[in-house]
Amino acid sequence: MSYQTILVEQRGAVTLVTLNRPQALNALNSQVLSELLEAMAAFDKDPTQGCAVITGSEKAFAAGADIKEMQAQGFADMYGHDFFAGWDAFTRTRKPVIAAVAGYALGGGCELAMMCDFILAADSAKFGQPEIKLAVSPGMGGSQRLARAVGKAKAMEMCLTGRMIDAAEAERAGLVARIVPAAELVEDAVETAATIAGMAPLAVLASKEMVNAAFETNLAQGVQFERRLFHALFGTADQKEGMAAFVEKRPGAWSGK
Ligand code: CAA
């Protein structure tokens, strides 16, 4: 499949997607959205692929939704077409997706990173929700996901002032899983993704689903949901294999069943 705004390559069981609109600092326009959705659907369906990495350039993961595409739109266009609703499909990707962020992750760029399952940040990364400076607001889930990730105080400050935070502050606040030297970001992310892709596939899907449930349910429901999925994994051949492999002191060989 050839795309104009993203590059997609398979590195073993890892799908590496690189946002590729350098002239616009990877601003997310409708074409990026439709190409990304197509790539993620293909990734999710491909049994040889276990984990994806989304990255940008050294300068920008993505500098936001495309301001030039939105500039002339009115309320009827935005509301009538439910602008940005297409991004919901991205969050329905069942296999894990890691955001590898270097440089700017602003507005929709920060929101896309937060739609991924976790963020690995280069030491050069800068996160922000500067939409307020354009007299608008986050629109791709940023106010909700940022508040859940870093708490009300910092999310409110970032959304109301547009202040950017650097990688160190993002890590302290719990927005990113880990900081990596910029030169090693993509290799580290691909290696991390390969580790995940090397796990039993059904356990991976279940683990992603249950962590996500923590943001959609109350504690008792979430714990029950986790327990039911845990029980269900005992119906898989890979659970027998995984526990036998531990006892026999050898690596597990997964069937995905
Ligand atoms: N949309 C469209 N084009 C963008 C863009 C965006 N979000 N961000 C950068 N660009 C374009 C610039 O217009 C410029 O294009 P031209 O060369 O044709 O003028 C090119 O990318 C390079 O950008 P700069 O010259 O501005 O680069 P810089 O290094 O001086 O500054 C920056 C970098 C601080 C990131 C600056 O580009 C910037 O502030 N960008 C906008 C950030 C922003 O406001 N993001 C939020 C967008 S709204 C949104 O995302 C809504 C939502 O909730 C989903």
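Counting starts at 1 for both ligands and their atoms, in listed order.
Ranking protein heavy atoms by distance to atom 42 (C) of ligand 1, first place goes to A63 O, 3.2 Å. Scanning the protein heavy atoms around atom 53 (O) of ligand 1, the nearest turns out to be E131 OE2, 2.6 Å. Looking only at heavy atoms of the protein, atom 23 (O) of ligand 1 is closest to L25 CD1, 3.6 Å.
For atom 8 (N) of ligand 1, the protein comes within 4.0 Å by at least one heavy atom. There is no protein heavy atom less than 4.0 angstrom from atom 30 (O) of ligand 1. Distances from atom 13 (O) of ligand 1 to the protein include at least one heavy-atom value under 4.0 Å. The nearest protein heavy atom to atom 44 (O) of ligand 1 is closer than 4.0 Å. Distance screen at 4.0 Å: atom 1 (N) of ligand 1 has a protein heavy-atom neighbour inside the cut-off. In this structure, atom 38 (C) of ligand 1 is not in close contact with the protein, since no protein heavy atom lies within 4.0 Å of it.
Between the side chain of K154 and the backbone N or O of A149, no donor-acceptor pair lies under 3.5 Å. A donor-acceptor pair under 3.5 Å is formed between the side chain of K208 and the backbone N or O of K95. Put simply, the side chain of E171 never gets that close to the backbone of A168: no donor and acceptor are under 3.5 Å apart.
Residue A60 places every heavy atom at 4.0 Å or more from ligand 1. Contact analysis leaves G142 out of contact with ligand 1, as no non-hydrogen atom separation drops below 4.0 angstrom. Not a single heavy atom of Q129 sits under 4.0 Å from any atom of ligand 1. Residue contacts with ligand 1 do not include K133, since none of its heavy atoms lies under 4.0 Å from the ligand.
Listed by number with element, the atoms of ligand 1 under 4.0 angstrom from any heavy atom of K59 are 27 (O), 28 (P), 29 (O). Interface of L106 with ligand 1, defined as ligand atoms under 4.0 Å from a residue heavy atom, comprises 35 (C), 42 (C). Within the listing of ligand 1, atoms 4 (C), 9 (C), 10 (N), 11 (C), 21 (O) sit less than 4.0 angstrom from a heavy atom of A24. Taking every heavy atom of E111 and a limit of under 4.0 angstrom, the matching atoms of ligand 1 come to 52 (C), 53 (O), 54 (C). The P138 neighbourhood of ligand 1 comprises atoms 53 (O), with distances under 4.0 Å to a heavy atom of that residue. Atoms of ligand 1 lying under 4.0 Å from any heavy atom of A27, numbered from 1 in the order shown and given with element: 1 (N), 2 (C), 6 (C). For ligand 1, the atoms closer than 4.0 angstrom to any heavy atom of G139 are 52 (C), 53 (O). Every atom of ligand 1 is numbered from 1 in the order shown, and the set under 4.0 Å from a heavy atom of S137 is 53 (O).
With a 4.5 Å cut-off on side-chain heavy atoms, N29 and R21 count as touching. Contact check for F61 versus L106: no side-chain heavy atoms found under the 4.5 Å cut-off. Looking only at side-chain heavy atoms (C-beta outward), D238 and K257 stay at 4.5 Å or farther from each other.
The OG atom of S207 lies 11.0 Å from the CG atom of N212; values are rounded to the nearest 0.5 Å.
Checked against the 6.0 Å centroid criterion, the rings of F234 and F230 qualify as a close aromatic pair.
Nearest to atom 18 (O) of ligand 1 by heavy-atom distance, out of M164, R21, K68, Q23, is K68.
Checked against a 3.5 angstrom limit, the closest N/O atoms of L134 and ligand 1 fall outside it. Ligand 1 has no nitrogen or oxygen under 3.5 angstrom from a nitrogen or oxygen of G107.
Remark: the T18 side chain and the N20 side chain contain no N/O donor-acceptor pair separated by less than 3.5 Å. Inspection of the S30 and E69 side chains reveals an N or O donor paired with an N or O acceptor under 3.5 Å.
Placement of L33 and M70 within a single hydrophobic cluster is found when ILVMFWY residues are connected by side-chain heavy-atom separations under 4.5 Å, directly or transitively.
With a 4.0 Å cut-off on non-hydrogen atoms, P130 touches ligand 1 through its side chain and not its backbone.
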- I would like to know whether L175 and E169 meet side-chain contact (heavy atoms from CB on, under 4.5 Å); could you show each step before the answer? CA-CA 9 Å; L175 181 60; E169 186 172 358; over 6 Å; no
- Task: Applying side-chain hydrogen bond (donor to acceptor under 3.5 Å, both in side chains), run through E35 and T5 and close with a yes or a no.
- Result: CA-CA 7 Å; E35 293 189 353; T5 64; 2.7 Å; yes
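Between K133 and E131 there is no salt bridge, since no side-chain nitrogen of the basic residue lies less than 4.0 Å from a carboxylate oxygen of the acidic one. A salt bridge between D44 and R92 is absent, with no side-chain N of the basic residue lying under 4.0 Å from a carboxylate O of the acidic one.
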